[in-house]
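Within every chain, numbering begins at 1; the chains are lettered A, B, ... in the order of the sequence lines, protein sequences first and strands thereafter. Model, not experiment: these values are computed from the prediction.
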Amino acid sequence: MLKYIVIIIGVTVWLLSSWIGHFTDVSLKIFFLNIGQGDAILVKSPDNKYLLIDSGPDQTVLSELSAVMPFWIRTIDLVIATHPDADHIGGLLDISQRYTIALVLYNKLDESSQLAKNLKEFWQKQAIKVKGINADEDFTFGCCIFLDFLWPLAQADLSKLASNNASISFVLKYQWFSAFFGGDLSKKYEEQVAKNYRSKVNVLKVGHHGSKTSTSGVFLQIFQPQLAVISVGYKNRYGHPSLEVIKLLQDYSVKTLRTDEVDRIILTSDGRKFSVGFT
Amino acid sequence: MKARFVYFFDSIVKYPLVALAFLATVYLVVLEVLNIIAAIVFIVFCGLLLLLKKYKIHVFLLILVIFFITISYQKKVLENNPVLNGLAKFTTDQQRVIVTGIVQNYPYNKKNYLIVLLQPVSINSRNSESFPGLIQVQLPRFAQAQKGDLLKLTGTWQIPKNSSGFDYQAYLQIFDIYAQIINVSNFQVLDNLQGVFLQKINLFRSRMIKEVRIILPEPHASLLLGMLIGTKEDFPGSFNRNLQISGTTHIIAVSGFNVTIIAQFLLRFAGVLPRKLLFVFVSVILGIFLIIVGVDNIPALRATVMAWAMILGQLIGRKGAVLNLLALAYVLMLLSNPQIYKSLSLQLSFAATLGLIFISDHLLIFIKRFLPELLASDLSVTLSAILATLPVTFSKFGGIYIWAPLANLLVAPLILVIMLLGFLLVLAIIINISLARLIVPLCYGALNLMVSIINGVSNLPLADIKISEHLEVISLAVALILLIIVGEWHFRNSIREIR
């Protein structure tokens, strides 16, 4: 009997401490998940709402989400599928089957791929709200996160753009803190976005996993990020990130972190300053 | 020392003949000794016992006949081995084929595929009745296929390829798989041929898996489902690797190991309930388990039969009866499919059952010195099963990682707790999903502890170092050490009883 009492007390204490810890944490947290070659970024708002930007290539994202979300939270309030490449939406069906998703923002999720077709069918069957988005629309997430959408432009003809160049791009703002997420947008379009935005950001999610097709000097000159994060797989077959991009980031004195080197990256901000932690 | 030898031989002749035959067979099976040698050892062994005139001749003859039928049947199966004959009758390696067949398994995800096992009805429009077994098909990951579906598909025919040091062909043949189909370009479900009852079970199983995955995160959900019903899905992330490195894959490899532990736990109520009532109660529980896992899930069926035999034997109250029933179950299974002796699940559940019979009582006495009785009895049940399966896990899981014994020791107390909480969770899911959510924290807590131990141990320094040479010798050594320890325990206890 004593054994069971000890177990119940232990579980209760653990649960209470988890709950208290969760509800008293009022900071913004951005988790760059280590899902291999691809992007999956989870954002926790100060009022404990969850936003997922892309889902990586496969179901690896599930264990990453479990590691950073409390076990009792089975809802993701907003999913942004930046573009329909497998390394960005490959894990989305697994997530949709296991989590309640309140809203999906997507772009150019055509049905040419079987995965996109399965996703659309599943979302329709589960009555998950799905919405296309462009630069004319902005979005407030949770209590106080502002999503400033910069790309694609409302007048852009997405059918003429390559999948990477149709990536949903936006700046996430929380008070004085800001971070740019641009999917796999190439240099030309990144520069256009930066020129339209014309302001600094604190953190940059490096485009296209550090490929030389993204991230130019002009772009870095405008955004002037303090920290750059490259979401990339260990010994990936594409040779990402390219030395060219790494050198460019060094030239602009941008501190760079890579998920293949440091595993999961956790960024915490109180709206003014930010700090970086790891797994 | 002389007293020990006398005791050893004395205890050998005291055990029933069928049980000894069974033990000898299992021993050789575990060590993968050739069957012909097993037969010789068996005959010599039984002949010696006959010389000792302890047993009636007709029992010996009956077992001898069963054994020889088994051996000759196996020889026939090997001669007709379609892989060895190149499967030329049907098609050749790497050819595109059109196959129609019935899905025999619960399809599961592996990497980017949905794996189904197909009993072919036709291959390239020709009747395939003479095809000896199943075809493993890799469908696209999110394909919709269910057990009992009649599928028509086009794909590339492939003979399983052996890699260095691993006989993949032989491995697949354990599961009755003789060919693979990859690169499936199109497939369609023509019909579902299952009866209404099996369809309902199928639906219930799918619902259970879906709900568990919704209310528990990963890898906890997959770990629980693997332990409860032996689902074969890949774990997301690095957990698969961590299970291997920590030497704990056997926890989820088959359900047989866990059924045995659960059955032993249920026996604890022997003092509380009348024996007949307890037997009915345990049978019902095992029946429910079988329905959930799938009545046509052969490893689970075997494990349940063995657990049932063990419980019946223990309720009768004589160790000899337990061994006799187990031996009978084993011989019957071997008779139904001689290839079964290679089955990992059978070896694990047999070894676990033997552990419970021969080790757990002695282990309990030992552990009680350090732990409270209740905790000690849980731990003795699980540890005895783990100890007895060590020779199998060492030789069959491709090597030994150095921290594996530590991980097994640490997770042992959690297995029974998780199994029981898991059953409660499933029961709650059936009744009401809100009720299930109340059990989730307890279930998650226990699972999380196990996941943390497995992840923690696999990240220890030197965890990657693997002993992969001379595994048979190590397995044999471990088996002998276990035998000596158990023998010594029995000897000491018998001395104590005499005094």
Side-chain contact, heavy-atom cut-off 4.5 Å: B:Lys210 with A:Gln97? no
Return the set of residues passing salt bridge (Lys or Arg N to Asp or Glu O under 4.0 Å) with A:Asp58 (not counting sequence neighbours), or none when no residue passes. none
Residue-level contacts of residues 32-40 of chain A with chain B, using a heavy-atom cutoff under 4.5 Å: none
Tell me whether A:Phe122 at atom CZ has more than 12 heavy atoms from other residues, nucleotides or ligands lying less than 6.0 Å away. yes
CD1/B:Ile215 to CZ/A:Arg98 distance, rounded to the nearest 0.5 angstrom? 13.0 Å
Please report the interatomic distance CG(A:Leu62) to NE2(B:His220), rounded to the nearest 0.5 Å. 12.5 Å
Just checking B:Gln144: does its CD atom have more than 12 heavy atoms from other residues, nucleotides or ligands closer to it than 6.0 angstrom? no
How long is the gap from OG1 on A:Thr60 to CD on B:Glu218, to the nearest 0.5 Å? 11.0 Å
Sort by residue number and list every residue of residues 64-77 of chain A having at least one heavy atom under 4.5 Å from chain B. A:Ser66, A:Phe71, A:Arg74
For atom NZ of A:Lys29, is the number of surrounding heavy atoms from other residues, nucleotides or ligands below 6.0 Å larger than 12? yes
Check the surroundings of atom CZ in A:Phe23: do more than 12 heavy atoms from other residues, nucleotides or ligands lie under 6.0 Å from it? yes
Within 6.0 angstrom of B:Tyr108 OH, more than 12 heavy atoms from elsewhere: yes
Ring pair (Phe, Tyr, Trp, His ring centres under 6.0 Å) partners for A:Phe141, two or more places apart: none
